[in-house]
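Lettering follows sequence order; numbering is per chain, from 1. Hydrogens, waters and symmetry mates are skipped; everything else that's a heavy atom, side chains included, is used.
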There are 2 protein chains.
Amino acid sequence: MNEIPLFTPARVGRASEDVALQLEAAIVGGKVAPGQSLPSERELQNVFKTGRGVIREALMMLRQKGMIEVRKGAKGGTYVKQIDVANVSESLALFLRQKQVEPRHVIDFRESMDRSIAMMAIVHASSAEKQALAEGSKALLAMALVPETDQHELGEKDRELNLLFARMSRNPVFEWVMGALQMGFSSQDYALYEDAYFREQTARNWVDTAAALAAGDLMRCSACIGRHYLLLRDCVASCAAQADVAELLDRSDAAMTGTSLTKEYPDQADPPKYERKEKECL
Amino acid sequence: MNEIPLFTPARVGRASEDVALQLEAAIVGGKVAPGQSLPSERELQNVFKTGRGVIREALMMLRQKGMIEVRKGAKGGTYVKQIDVANVSESLALFLRQKQVEPRHVIDFRESMDRSIAMMAIVHASSAEKQALAEGSKALLAMALVPETDQHELGEKDRELNLLFARMSRNPVFEWVMGALQMGFSSQDYALYEDAYFREQTARNWVDTAAALAAGDLMRCSACIGRHYLLLRDCVASCAAQADVAELLDRSDAAMTGTSLTKEYPDQADPPKYERKEKECL
DNA sequence: TTGACCCAAATGGTAGTACCATTGTGCCCG
DNA sequence: CGGGCACAATGGTACTACCATTTGGGTCAA
């Protein structure tokens with residue numbers, strides 16, 4: 001099964017794809033190191049014997065992948081870049097959102113990853129890191145106990161701790177995957193710091209987690225992680241209950257405003273409105 | 001820290017980005033359902049009051065993200081698509097490759113994920129799935145014992161089993177992340193089936209794993225997983241030894257052929273060569 | 001009636017040109 | 001010596017014209 005298609009539609013349209021592929025190959029092949037620049041668009045135009053639009057489209061694709069960065073002006077051009085984890089995060093977040101993945105599944109995944117991280121961190125993390133985590137968690141608790149603290153600030157701190165925690169596994173893959181997941185679902189974590197009860201419980205639990213980790217007590221650490229996600233699940237469940245009501249209102253609201261961008265206008269003469277508000281600057 | 005920049009360089013260049021953002025918002029906002037099509041490029045040109053090139057660049061970006069699919073001809077246009085997990089995989093693979101992540105770290109990550117999956121699969125998987133895994137692993141073993149079997153075929157089967165295994169966790173996130181990781185590192189798994197010894201050991205181990213899983217014996221299952229990755233680590237290590245030699249040869253070879261694409265030609269009059277072999281079809 | 005064929009319209013793909021905006025460099029003048 | 005200005009390189013945008021592909025309908029013949 002899964003044979004190579006015998007007749008691939010050779011070179012059917014899409015020269016830009018071809019160009020992008022060749023440029024990508026040159027980059028990943030190490031022909032152009034990060035920091036160096038590709039030839040200018042007009043040079044590439046000559047090299048590939050094609051129009052400038054094709055080159056620009058190809059560069060757009062590479063830019064979208066995060067492989068290059070484009071700068072205007074003299075000494076401008078397309079510079080090869082280190083790919084940022086944010087690119088992966090964005091891609092993943094987009095996918096998960098579109099798949100309407102249940103928060104429960106993401107939470108389960110994160111929990112199992114956290115347990116793995118804890119296991120590795122206990123073995124591999126330096127004592128300095130362990131201390132940093134302990135202090136960070138205490139700082140979080142201090143912040144959480146002040147009622148005026150903004151939940152976003154707390155969420156940010158939580159995210160920071162999570163990343164530090166992941167880094168302690170000494171395995172960058174964990175750090176990256178965790179970062180990618182967090183990027184798309186920060187709203188969940190923020191919600192955890194909305195309610196005063198959850199806020200305090202979560203912060204205290206962080207302190208316990210850090211202490212257990214520092215003590216090398218995997219069992220207690222694992223229990224703490226379990227408790228963390230128990231809180232998160234509770235919180236998400238209670239939020240979902242509210243959100244359901246909000247969504248119902250929102251949906252009936254959206255049904256009223258018929259701002260569609262599609263082609264389904266059988267009888268309507270004046271399709272999409274699309275007020276261009278940002279465009280009077282030309 | 002991490003304040004929102006007070007003065008964002010408002011609308012500096014890059015109208016295509018603006019267009020892409022608005023279209024993306026329309027898509028993720030559900031204004032255009034998958035399967036439906038956006039207006040044609042020429043219509044969008046009017047809607048956004050911009051040149052067609054800008055529209056095309058924006059569409060290229062969305063296409064790169066996997067959100068749309070573009071078809072030529074009458075009734076052609078840009079159709080909103082379900083994002084494929086392959087997009088995430090590609091993004092992740094590109095990132096990992098560029099970060100020169102050590103195989104060891106990826107393997108560790110996969111191992112810990114496999115253990116989590118096993119835990120969940122024992123609880124959640126249906127008996128039909130468990131049986132399917134058992135039969136699949138036996139089929140793999142049968143194939144592995146025939147010396148003539150192609151290693152790629154075995155690798156493909158292995159990949160299939162892995163995916164089935166991940167699916168048994170009943171959590172799609174595991175399946176997707178596993179799929180994404182495999183896509184970028186299939187060569188490792190293929191290597192496992194190159195040597196006759198590793199081939200047989202791995203296949204037998206798969207059978208044991210499936211049996212343990214079906215029996216609900218988490219301990220034995222976990223041990224099998226450990227053994228699997230022990231084999232993989234051994235295999236990768238022995239491959240790396242060979243690869244090191246090859247790389248040295250390859251590097252000195254690359255140093256000879258000076259086909260550079262960068263701008264560093266202080267004295268050279270005729271920069272990049274770039275024979276266009278695919279282009280005589282116009 | 002049915003089938004084959006062809007042509008027109010819609011749409012994406014490519015080429016080319018002209019011009020604008022931005023930015024670094026270096027010359028020129030005070 | 002220093003500030004400012006002109007210039008050149010480069011990306012960003014607009015517009016036009018034309019090509020290639022695909023669909024659908026219309027026409028003509030069997």
Side-chain angles (χ1 to χ4, degrees), chain A residues 7-23 36-64 68-81 262-263 265 271 276 278-282, chain B residues 8-23 36-64 68-81 262-265 271 276 278-282:
Chain A
F7 295 109
T8 160
R11 288 297 97 232
V12 52
R14 221 78 85 173
S16 54
E17 198 138 354
D18 200 11
V19 172
L21 244 39
Q22 293 196 41
L23 289 177
Q36 287 184 317
S37 77
L38 269 55
S40 72
E41 294 180 358
R42 289 169 177 86
E43 282 181 70
L44 287 174
Q45 192 177 348
N46 292 329
V47 169
F48 286 106
K49 296 275 177 274
T50 181
R52 199 169 150 216
V54 169
I55 300 294
R56 284 185 61 80
E57 283 169 21
L59 292 178
M60 275 300 164
M61 293 195 245
L62 297 189
R63 202 175 78 90
Q64 183 60 40
I68 62 174
E69 177 194 356
V70 179
R71 288 202 285 267
K72 279 206 293 194
K75 285 292 188 305
T78 62
Y79 288 80
V80 176
K81 211 180 67 169
T262 75
K263 274 182 176 171
Y265 326 96
R276 293 282 298 151
E278 294 87 308
K279 212 50 183 169
E280 69 271 8
C281 60
L282 34 97
Chain B
T8 161
R11 288 295 99 235
V12 52
R14 221 78 83 171
S16 54
E17 197 137 357
D18 199 11
V19 172
L21 244 40
Q22 293 196 41
L23 289 178
Q36 288 185 318
S37 78
L38 268 55
S40 74
E41 294 179 358
R42 290 171 176 85
E43 282 181 71
L44 287 174
Q45 191 178 347
N46 293 329
V47 170
F48 286 107
K49 295 273 177 279
T50 181
R52 199 168 150 217
V54 170
I55 301 294
R56 283 184 62 79
E57 283 170 20
L59 291 178
M60 276 299 163
M61 293 196 243
L62 297 189
R63 201 173 79 90
Q64 185 60 42
I68 61 175
E69 177 194 356
V70 179
R71 289 202 285 266
K72 278 207 293 193
K75 284 295 188 313
T78 62
Y79 288 80
V80 176
K81 211 179 67 168
T262 76
K263 275 184 176 172
E264 329 302 317
Y265 323 97
R276 293 280 299 150
E278 294 89 305
K279 211 49 184 172
E280 70 271 7
C281 60
L282 33 98

**Request:** Kindly write out the residues that satisfy salt bridge (charged side-chain N to carboxylate O under 4.0 Å, His left out) with B:Arg42, not counting sequence neighbours, or none if the list is empty.
**Result:** none
Atom-pair distance ([atom1] on [X]; [atom2] on [N]), nearest Å:
X	N	atom1	atom2	answer
A:Gln45	D:dT10	CD	P	13 Å
A:Phe48	C:dA15	CZ	P	13 Å
A:Arg42	C:dC20	CZ	C1'	11 Å
B:Lys75	D:dG24	NZ	C1'	8 Å
A:Asn46	C:dA15	CG	C1'	13 Å
A:Met60	D:dT13	CE	P	7 Å
A:Leu44	C:dT14	CG	C1'	17 Å
B:Tyr79	C:dT11	OH	C1'	10 Å

**Message:** I'd like to check B:Val54 versus B:Asp18 (side-chain heavy atoms, cut-off strictly below 4.5 Å). Are they in contact?
**Reply:** no
**Prompt:** Taking the side chain as C-beta and beyond, is there a heavy-atom pair between A:Met61 and A:Val19 under 4.5 Å?
**Reply:** no
Between [options], which nucleotide has the shortest distance from any of its atoms to the side chain of [X]?
X	options	answer
B:Lys72	C:dG13, D:dT13, C:dT14	C:dG13
A:Glu57	C:dT14, C:dA18, C:dT11	C:dT14
A:Val54	C:dA15, D:dT10, D:dG24	C:dA15

**Item:** A:Arg56 or A:Ala74, whichever maps to the more 5' nucleotide of DNA chain D
**Value:** A:Ala74
**Item:** Gap between atom CE of B:Met60 and atom OG of B:Ser16 - 0.5 Å precision
**Value:**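 Taking OG in B:Ser16 and CE in B:Met60, the distance rounds to 12.0 Å.
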**Presence of A:Ser16 side-chain N/O under 4.0 Å of C:dG13 phosphate oxygens OP1/OP2** = no
**Asked** Can you find a side chain N or O atom of B:Thr50 that sits less than 4.0 Å from OP1 or OP2 on D:dA14?
**Response**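 So the side-chain polar atoms of B:Thr50 do come within 4.0 Å of the phosphate oxygens OP1 or OP2 of D:dA14, strictly under.
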**Item:** End axis versus end axis in the helix from C:dT1-D:dA30 to C:dG30-D:dC1, the angle rounded to 10°, five pairs used at each terminus
**Value:**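 Axis angle across the helix from C:dT1-D:dA30 to C:dG30-D:dC1, nearest 10°: 20°.
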**Request:** Name all residues meeting the side-chain hydrogen bond (donor to acceptor under 3.5 Å, both in side chains) criterion together with B:Arg52; count only those two or more places apart in sequence or in a different chain, and write none if there are none.
**Result:**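 side-chain hydrogen bond (donor to acceptor under 3.5 Å, both in side chains) list for B:Arg52, sorted by chain: B:Glu41.
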**Asked** In chain order, what residues pass the side-chain hydrogen bond (donor to acceptor under 3.5 Å, both in side chains) check against A:Gln64, with sequence neighbours excluded?
**Response** none
**Item:** Presence of salt bridge, B:Arg63 and A:Glu57, under 4.0 angstrom
**Value:**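 So A:Glu57 does not pair with B:Arg63 through a salt bridge.
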**Prompt:** Going by modelled atom types, is there a donor-acceptor pair between the base of D:dG12 and the side chain of A:Arg52 at under 3.5 Å?
**Reply:**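 For A:Arg52, whose side chain was compared with the base of D:dG12, there is a donor-acceptor pair (under 3.5 Å).
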**Message:** What I want to check is whether an N or O donor and acceptor connect the side chain of B:Arg14 with the base of D:dG12 at under 3.5 Å.
**Reply:**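 No, no donor-acceptor pair under 3.5 Å.
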**Message:** By nearest heavy atom, map A:Gly53 and B:Gly73 onto DNA chain C; which one lands nearer the 5' end?
**Reply:**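 Counting from the 5' end, the first nearest nucleotide belongs to B:Gly73.
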